[in-house]
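Both ligands and their constituent atoms are indexed starting at 1 by order of listing.
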Amino acid sequence: MDCIFCKIINKEEPSDFIYENDNFIVIKDIKPSAPVHLLIIPKKHIDSVKHLEPEDKDLMGEMVLCAQKVAKEKNLKDYRLRINVGRGAGQIIDHLHMHLFSGF
Ligand code: 5GP
Ligand code: ZN
């Protein structure tokens with residue numbers, strides 16, 4: 001599968017890693033649109049929110065907690081979390097991810 005985020009997860013493509021655990025990586029967005037712009041990416045390839053199954057419930061909870069953990073570590077007081085779903089909503093990478101913006 002030709003997925004840039006899977007390649008980054010498998011360390012086949014370089015990226016700025018902020019955090020990693022068994023289920024997630026957190027990297028800096030290559031084209032930041034805020035002073036802090038991170039991507040929380042599950043290691044499991046899921047195309048988008050549209051493709052989530054009931055079994056992914058825990059993973060999605062963990063995704064928000066992962067964002068919270070990184071925000072705490074970086075002392076971010078306020079931040080915005082966003083998931084784009086579908087091209088019309090701005091999703092360009094078909095591997096589920098959540099944006100974390102801060103420092104406006
Ligand atoms: P989307 O628009 O799909 O919600 O978000 C994809 C994000 O991934 C975009 O903000 C884009 O700048 C970022 N991005 C695309 N390719 C790469 C890459 O190779 N490395 C990193 N770190 N970010 C990427
Ligand atoms: Zn992928």
Worksheet item: Under a 4.5 Å side-chain heavy-atom rule over Ile, Leu, Val, Met, Phe, Trp and Tyr, are Ile27 and Ile9 clustered together?
Response: yes

Discussion item. Quick test of your reading of the structure: of Ile83, Ile25, Asp29, whose heavy atom lies closest to atom 12 (O) of ligand 1?
Written reply: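 The residue whose heavy atom sits nearest atom 12 (O) of ligand 1 is Asp29.
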
Worksheet item: Should one rank His97, Lys28, Lys31 by closest heavy-atom distance to atom 6 (C) of ligand 1, which comes out on top?
Response: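 Looking at heavy atoms only, His97 sits closest to atom 6 (C) of ligand 1.
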
Below a 4.0 angstrom heavy-atom separation, can you tell me which part of [X], side chain or backbone, both or neither, approaches ligand 1?
{"X": "Ile30", "result": "both"}
{"X": "Ile27", "result": "side chain"}
{"X": "Ile8", "result": "side chain"}
{"X": "Leu39", "result": "side chain"}
{"X": "His99", "result": "side chain"}
{"X": "Phe17", "result": "neither"}

Item to complete: Provide the atom name of the closest N, O or S atom of His95 relative to the Zn ion (ligand 2).
Response: ND1

Counting from 1, what ligand 1 atoms have a heavy atom of [X] closer than 4.0 Å?
{"X": "Gly90", "result": "1 (P), 2 (O), 4 (O)"}
{"X": "Phe5", "result": "8 (O)"}
{"X": "Asn84", "result": "1 (P), 2 (O), 4 (O)"}
{"X": "Ser15", "result": "22 (N)"}

Worksheet item: Is the NZ or CZ atom of Lys11 both under 6.0 Å from the centre of the six-membered ring of Phe17 and within 45° of that ring's axis?
Response: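 Positive - Lys11 is close enough to the ring of Phe17 and near enough to its axis.
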
Fill in: Member of Lys43, Glu62, Lys44 meeting the side chain to side chain donor-acceptor pair (under 3.5 Å) criterion with Asn23
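Checked Lys43, Glu62, Lys44 against Asn23; only one passes side chain to side chain donor-acceptor pair (under 3.5 Å): Glu62.
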
Worksheet item: Taking the side chain from Gln68 and the backbone from Val70, do they hold a donor-acceptor pair closer than 3.5 Å?
Response: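 Judged by distance alone, no pair lies under 3.5 Å.
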
Worksheet item: Do any N or O atoms from the side chain of Glu13 and from the backbone of Ile8 form a donor-acceptor pair under 3.5 angstrom?
Response: no

Worksheet item: With sequence neighbours excluded, what pairs up with His37 under the side chain to side chain contact (heavy atoms under 4.5 Å, CB included) test?
Response: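 Listed in chain order: Asp29, Pro32, Ser33, Leu39, His99, Phe101.
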
Starting from [atom], what is the nearest protein heavy atom, named by residue and atom, and what distance separates them?
{"atom": "atom 3 (O) of ligand 1", "result": "Ile92 N, 2.7 Å"}
{"atom": "atom 15 (C) of ligand 1", "result": "Ile93 CD1, 3.8 Å"}
{"atom": "atom 19 (O) of ligand 1", "result": "Ile4 CG1, 3.6 Å"}

Is any side-chain heavy atom of [Y] closer than 4.5 Å to one of [X]?
{"X": "Leu38", "Y": "Met98", "result": "no"}
{"X": "Val36", "Y": "Tyr79", "result": "no"}
{"X": "Ile46", "Y": "Leu59", "result": "yes"}

Worksheet item: Is there any N or O on Gln91 that sits under 3.5 Å from an N or O of ligand 1?
Response: no

Worksheet item: CD1/Ile40 to CG/Leu65 distance, rounded to the nearest 0.5 angstrom?
Response: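 Those atoms lie 11.5 Å apart.
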
Worksheet item: Is the shortest distance from a Lys or Arg side-chain nitrogen in Arg87 or Asp94 to a carboxylate oxygen in the other one below 4.0 Å?
Response: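 Salt bridge: yes.
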
Worksheet, complete the sentence: Gly90 and Asn84 have their tightest heavy-atom pair at O-ND2, 3.7 Å

Item to complete: Using non-hydrogen atoms of the residue, decide whether Glu13 is closer than 4.0 angstrom to ligand 1.
Response: no

Worksheet, complete the sentence: Output field for angle at the Zn ion (ligand 2), Cys3.SG vs His45.ND1, rounded to 10°, should show 110°

